[in-house]
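Written below as C-alpha cells is the structure these notes are about.
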Amino acid sequence: MLTLDLPAEPYWLDLPRDVRVEIRPVTTAVMAAAQAAAARRLAAIRIADPDLDPDMSRGLSFAFLVKALARHAVTAWDGVGDAAGKPLPLSPEAVERLMDLDDIAASFWDRATAPAAAVATEGNG
C-alpha cells in the first residue's frame, strides 16, 4: 500500500558545514518550476555554445536544477555568513552561491527530494 506521508509544512534540513535550511515541501509544482528554470538556463548556454561538451552539459543541467530547486524551496537559513562572519540575509542570489558548493548542493538535493523519492520507491514495490 502506498503511504502518502509527505511533509505538508516547511521543515529544516541539516547540511554540511553547520548549515541549515528551511524548505517548503518539494511538491510537483515546486519541482516543475525548478525544472523549467533549469531548462531555460541550459538552453541559453546551448544556443551560445552549440558545441558544448556533453559531460559539461549534463553537469550544468544538474547544477541549474539544484540551484532552481533551492531558489524555489528555501524559505530560511542558518549558518551562512559573509566573509566577515556576519549572517548573510537570504536572497535568491545567495542561495545560488550556496549551491555552488558541491557538498552542500549534493546534500541539499538528496535531503530535499528524499520524501518524494521514498514515496515513489514504496509505490514501485
Side-chain angles (χ1 to χ4, degrees):
M1 173 188 300
L2 178 65
T3 305
L4 291 178
D5 59 353
L6 296 171
E9 299 295 326
Y11 59 97
W12 286 90
L13 300 176
D14 292 324
L15 301 177
R17 305 183 197 206
D18 296 324
V19 171
R20 292 180 36 182
V21 293
E22 182 185 54
I23 67 167
R24 64 177 44 94
V26 179
T27 62
T28 301
V30 171
M31 185 58 81
Q35 289 170 334
R40 280 192 307 275
R41 287 178 80 172
L42 186 59
I45 289 176
R46 285 184 174 152
I47 289 169
D49 183 3
D51 298 322
L52 182 65
D53 177 74
D55 291 335
M56 182 57 76
S57 179
R58 281 188 288 281
L60 288 169
S61 180
F62 181 69
F64 292 155
L65 181 57
V66 171
K67 288 179 178 189
L69 179 60
R71 277 196 334 270
H72 290 301
V74 174
T75 58
W77 65 11
D78 186 43
V80 180
D82 63 15
K86 180 181 171 190
L88 195 62
L90 182 69
S91 71
E93 297 79 18
V95 167
E96 284 211 7
R97 287 197 339 255
L98 179 65
M99 293 302 136
D100 279 332
L101 301 171
D102 186 57
D103 59 333
I104 298 283
S107 180
F108 172 78
W109 178 264
D110 289 346
R111 292 180 176 144
T113 61
V119 169
T121 299
E122 182 179 335
N124 287 333

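For clarity, every value in this text was computed on a predicted model and none was experimentally measured. Reckoned from all heavy atoms, side chains included, excluding hydrogens, waters and symmetry mates.
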Exercise for the section: Tell me who clusters with Leu60, hydrophobic residues only, linked when side chains sit under 4.5 Å apart either directly or through other members. Expected result: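 Members alongside Leu60: Leu42, Ile45, Leu52, Met56, Phe64.
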Atom CG in Leu15, atom CG in Asp110: separation rounded to 0.5 Å?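 Between Leu15 CG and Asp110 CG, I get 10.5 Å after rounding to 0.5 Å.
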Decide yes or no for [X] and [Y]: does some side-chain heavy atom of the first lie under 4.5 Å from some side-chain heavy atom of the second?
X	Y	value
Val74	Phe108	yes
Leu101	Arg17	yes
Val95	Lys67	no

For [X] versus [Y], what's the shortest heavy-atom pair and its separation?
X	Y	result
Pro10	Pro25	N-CD, 4.0 Å
Ala70	Met99	CB-CG, 3.7 Å
Ala68	Ala38	CB-N, 4.4 Å
Trp109	Met31	CH2-CE, 3.9 Å

By ring-ring contact (aromatic ring centres under 6.0 Å, His included), Trp12 pairs with (sequence neighbours left out) none
Any donor-acceptor pair under 3.5 Å linking the side chain of [X] with the backbone of [Y]?
X	Y	answer
Ser107	Asp103	no
Trp77	Leu88	yes
Arg24	His72	yes

message: Please check if the number of heavy atoms outside Asp53 that lie under 6.0 Å from its CG is greater than 12.
response: yes
Partners of Ser91 by side chain to side chain contact (heavy atoms under 4.5 Å, CB included), sequence neighbours excluded?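 So Ser91 forms a side chain to side chain contact (heavy atoms under 4.5 Å, CB included) with Glu93, Ala94.
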Exercise. Between Arg97 and Asp100, does at least one N-O distance fall below 4.0 Å, as a salt bridge requires?
Worked result: no
